[in-house]
Amino acid sequence: MEKTIKRAIFPGTFDPFTVGHQSLIERALHLVDEIIIAIGINQNKNNYFSLEQRVASISHLYKDEPRVKIQAYESLTVDFAQQVEAHFILRGIRSINDFEYEKNIADVNRKLTGIDTFILFTEPDYTYISSSIVRELLSFGKDVSGFVPNEFQLY
């Protein structure tokens, strides 16, 4: 009998300053066979990094991990999850306050599509600055290199 590959998607806009995601991916790889890092493309949102820059930075992090794929998408997360035949959606949260919201979204997704969600907490080491704060500093032309873990530098 052929083994079914358990695939999860990890959706987000993903820029090099998004902290904590590498820890989540590493832990999630113990739960599933393959993870697709799904880079959301929103034409109406001002991204400070191009799709190519984000893909290059993320690809560098996982160059030795064949179970991690990177793919851009423009649809709803659940539509993309169905398109790539994902069994799970992986979500990361920084605090218990985010849990109820994510749980409600997970319940809706499960009812609409049958796709379950893994909700993992980011580790405390990665909570010292959020990517939204870094983006705001960048918009004012500030140097943010001191706030960013080395593994998230652009390559």
Please list, chain by chain and in numerical order, all residues satisfying side chain to side chain donor-acceptor pair (under 3.5 Å) with [X], sequence neighbours excluded.
X	result
T117	none
E65	R67
Q71	none

Q: Would you please name every residue forming a side-chain contact (heavy atoms from CB on, under 4.5 Å) with L51, sequence neighbours left out?
A: I39, I41, R54, V55, A72
**Q.** Qualifying residues under side-chain contact (heavy atoms from CB on, under 4.5 Å), relative to Q83, sequence neighbours excluded
**A.** F80
Is [Y] reachable from [X] through a run of hydrophobic residues whose side-chain heavy atoms are each under 4.5 Å from the next?
X	Y	answer
V108	L76	no
I119	I105	no
V78	L112	no

Q. Considering all heavy atoms of both residues, which atom of G92 and which atom of L24 are nearest to each other, and what is their separation?
A. CA-CD1, 3.5 Å
Q.
Using the salt bridge (charged side-chain N to carboxylate O under 4.0 Å, His left out) criterion, which residues pair with E26? Sequence neighbours excluded.
A. none
To the nearest 0.5 Å, how far apart are [atom1] in [X] and [atom2] in [Y]?
X	Y	atom1	atom2	result
Y62	I35	OH	CD1	8.0 Å
I37	L61	CD1	CG	8.0 Å
L90	I36	CG	CD1	12.0 Å

Do [X] and [Y] have side chains that get closer than 4.5 Å, going by heavy atoms?
X	Y	result
I115	N109	no
L29	I25	yes
E34	P66	no

Q: Can you run down the salt bridge (Lys or Arg N to Asp or Glu O under 4.0 Å) pairs that involve residues 77-86, sequence neighbours left out, and say none if there aren't any?
A: none
Q. Taking only residues at least two apart or on different chains, which pairs with a member in residues 107-117 satisfy salt bridge (Lys or Arg N to Asp or Glu O under 4.0 Å)?
A. K103-D107, D107-R110, R110-D116
Q | Donor-acceptor contact below 3.5 Å, side chain R91 vs main chain E102 | A | no
Q) Please, which pairs that meet ring pair (Phe, Tyr, Trp, His ring centres under 6.0 Å) have at least one residue in residues 82-117, sequence neighbours excluded? A) F88-F118
